[in-house]
Amino acid sequence: MEIIPGIHQIRGRVANCFLVDDVELMLIDTGMPGNSSKITEYVKKTLQRNPQDIKTIVITHQHMDHVGSLSKMKEITGAKVAIHHADADYIRGKKPHSGPAYANAMVKLIQFIYRTKPVEPDILLKNGDVIGAYQVIHTPGHTPGSICLYNSVNKAIFVGDNLRYTQGKLMNPDMRLLPEYEKYKESMKRISKLDVEVILTGHTKAVIGGGSELLREFVEGF
Ligand SMILES: [Zn+2]
Ligand SMILES: [Zn+2]
C-alpha cells in the first residue's frame with residue numbers, strides 16, 4: 001500500500017519492506033526468504049514498472065527477517081546492495097547473526113531450508129551518507145550497523161527495528177533484542193531532534209503525521 005506519495009509498504013509474513021518510487025526505484029529491506037515474488041508482483045501490478053527498475057537495495061540492518069530475500073532480489077534486479085559497514089560481515093556470511101542463541105539456531109535452520117546465499121554488498125554506508133533522497137543516520141543498539149534513512153523534504157524516516165508503533169505510541173523492541181541499550185538510547189535521542197512527520201517501521205504500521213511529537217514523547221520515557 002502507498003503510505004504517502006512515492007513510499008509503498010509491502011507487508012511480509014514477518015517484516016515490512018518498502019519501495020521508494022522516484023526516478024529510480026529503491027527497495028528498503030527485503031523481508032523473509034520467499035518474499036521476492038511478493039515484491040516483484042507489487043512492482044509490476046501496482047507500480048506498473050519492471051523489477052529491474054530497482055537500482056538500489058538498502059538494508060536497515062542484518063537480521064534475517066530483513067535480508068532473507070536479499071540474495072534473490074539482487075539476482076532478479078541486479079541492484080546495488082547498500083548496508084552499514086558494521087553489519088556488512090553478517091550478510092557476507094562471515095559473522096553469525098547477532099542476537100540470542102535460540103534466534104541464531106533459527107537463522108541457521110532458515111538459511112538451510114531456503115538456501116539463502118551470502119551477499120557481497122556494493123555500497124558500505126556510514127553516518128551522514130546520502131542515498132537517493134535519504135540521509136543515512138547510524139543508530140546502533142539493536143545491531144551494530146542499524147541505520148535510519150531520513151528525508152528532510154517529505155519528513156519521512158525509515159527506522160527499521162528501532163521503533164514499533166502500537167496503540168498510538170512509539171515503543172522500543174523487546175529488551176532481548178537491544179544488546180547495546182545505552183547506545184540505542186543515544187541513537188533514539190539523536191533522531192528525536194529531527195523534523196519528522198512520517199515514521200516507517202520494520203514490523204508495525206506507519207506513523208503518518210506528527211512523528212516528531214511521538215519521538216519526543218518516546219525519548220522522554222528513558
Ligand atoms: Zn532486527
Ligand atoms: Zn525485524
Side-chain angles (χ1 to χ4, degrees), residues 3 7-20 27-36 38-39 57-73 81-111 113-114 116 118-119 121 125 127 136-150 157-166 169-188 190-191 199-207 218:
I3 305 288
I7 296 182
H8 301 258
Q9 174 172 318
I10 303 172
R11 182 95 191 91
R13 269 172 303 160
V14 180
N16 298 321
C17 58
F18 299 91
L19 281 160
V20 175
L27 175 65
I28 299 176
D29 288 341
T30 66
M32 289 290 279
N35 202 37
S36 59
K38 204 166 186 177
I39 300 170
I57 304 171
V58 189
I59 296 301
T60 61
H61 67 293
Q62 43 92 356
H63 283 157
M64 174 55 80
D65 49 329
H66 302 260
V67 303
S69 289
L70 178 58
S71 59
K72 191 74 190 167
M73 284 309 299
V81 172
I83 187 166
H84 189 272
H85 62 83
D87 270 11
D89 273 353
Y90 299 94
I91 65 164
R92 288 182 179 123
K94 287 186 180 166
K95 275 189 191 169
H97 287 254
S98 62
Y102 72 88
N104 243 317
M106 188 74 87
V107 166
K108 283 206 182 102
L109 180 66
I110 291 167
Q111 282 171 330
I113 294 168
Y114 288 96
T116 58
V119 173
L125 300 170
N127 189 57
V136 174
I137 304 170
H138 183 211
T139 53
H142 177 56
T143 67
S146 282
I147 57 165
C148 292
L149 294 164
Y150 174 64
I157 188 166
F158 294 89
V159 297
D161 280 1
N162 282 309
L163 293 164
R164 296 181 295 138
Y165 180 50
T166 39
K169 275 183 192 287
L170 292 172
M171 290 172 74
N172 51 268
D174 188 301
M175 285 304 288
R176 284 171 302 179
L177 298 171
L178 287 176
E180 295 186 286
Y181 186 53
E182 290 306 314
K183 282 190 185 171
Y184 171 77
K185 286 196 286 189
E186 282 311 308
S187 297
M188 294 305 100
R190 274 190 291 121
I191 66 165
I199 304 176
L200 297 311
T201 71
H203 291 271
T204 59
K205 63 181 178 167
V207 172
F218 173 67

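Both ligands and their constituent atoms are indexed starting at 1 by order of listing.
Residues forming a side-chain contact (heavy atoms from CB on, under 4.5 Å) with Ala88 (at least two apart in sequence, or on another chain): Ile83, Arg92, Pro121, Leu124. By the ring pair (Phe, Tyr, Trp, His ring centres under 6.0 Å) test, Phe18 pairs with Phe158, sequence neighbours left out.
For residues 62-73, every residue pair satisfying the salt bridge (charged side-chain N to carboxylate O under 4.0 Å, His left out) rule, not counting sequence neighbours, is listed here: Lys72-Glu75.
Counting only distance, with no hydrogens or angles, the side chain of Ser187 and the backbone of Pro140 share a donor-acceptor pair below 3.5 Å.
For NZ of Lys183, the number of neighbouring non-hydrogen atoms (other residues, nucleotides, ligands) closer than 6.0 Å is 12 at most.
For the Zn ion (ligand 1), protein N, O or S atoms under 2.8 Å: 4 in total.
Using a 4.5 Å cut-off on side-chain heavy atoms (C-beta onward), His142 and Thr60 make no contact.
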